[in-house]
Amino acid sequence: MFPEERREGQPFVVDVVLELPLETSSDDLADTVSYADIADDVEAVITGEPRNLIETVAGEIAERCLLRGRVDRVTVTVHKPRAPLSQTFADVSVTINRSRHV
């Protein structure tokens, strides 16, 4: 992370895909994972302590998601649409996969 990025901040877009056992005949929130809780976890990482690498950000988000009981596997993509590059690009991103060790 460049000093101006740390000072001025950077926008990020985060995609999270959760894999968990679901009973689709149930309509009870207790039988799934609250996406509001996941969004809170993502926001806490993004607005928390600045990191130098988006890989670190993705890893921390993934670890928090795996702490949400029912989640077996998570895929996290962190997009940095305004990365400080001289080349023309639409997006810079990193995608990681993590799973619960059983």
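FYI, the numbering just counts along the sequence from 1. None of these values were measured; they are calculated from a predicted model.
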Next on the checklist: With heavy-atom distances below 4.5 Å as the criterion, would you say the side chains of Ser93 and Val78 are in contact?
Outcome noted: no

Checklist entry - Does Arg51 reach the main-chain N or O of Ile46 with its side chain, forming a donor-acceptor pair under 3.5 Å? => result no

Checklist entry - Are any of the side-chain heavy atoms of Lys80 and Phe12 separated by less than 4.5 Å? => result yes

Checklist entry - With sequence neighbours left out, which residue pairs that include part of residues 24-37 fulfil the salt bridge (Lys or Arg N to Asp or Glu O under 4.0 Å) condition? => result Asp37-Arg68

Next on the checklist: Distance check, rounded to the nearest 0.5 Å: Ile61 atom CD1 versus Leu66 atom CG?
Outcome noted: 12.0 Å

Next on the checklist: Please check this pair: side chain of Arg98 against backbone of Arg73, looking for a donor-acceptor N/O pair closer than 3.5 Å.
Outcome noted: no

Next on the checklist: If I compare all heavy atoms of Gly69 with all of Arg100, which pair ends up nearest, and what's the gap?
Outcome noted: O-NH2, 3.0 Å

Checklist entry - If you round to the nearest 0.5 Å, how far is CD of Glu55 from OG1 of Thr95? => result 10.5 Å

Item to check | For Arg64, salt bridge (charged side-chain N to carboxylate O under 4.0 Å, His left out) partners two or more places apart | outcome: Glu60

Checklist entry - Is Pro21 close to Asp72 at the side-chain level, that is, under 4.5 Å between some pair of heavy atoms? => result yes

Checklist entry - Are Leu22 and Val74 linked, directly or through other ILVMFWY residues, by side chains that come within less than 4.5 angstrom of each other? => result yes

Checklist outcome for this item: Residue set satisfying salt bridge (charged side-chain N to carboxylate O under 4.0 Å, His left out) with Asp40, at least two apart, ordered chain then number -> none

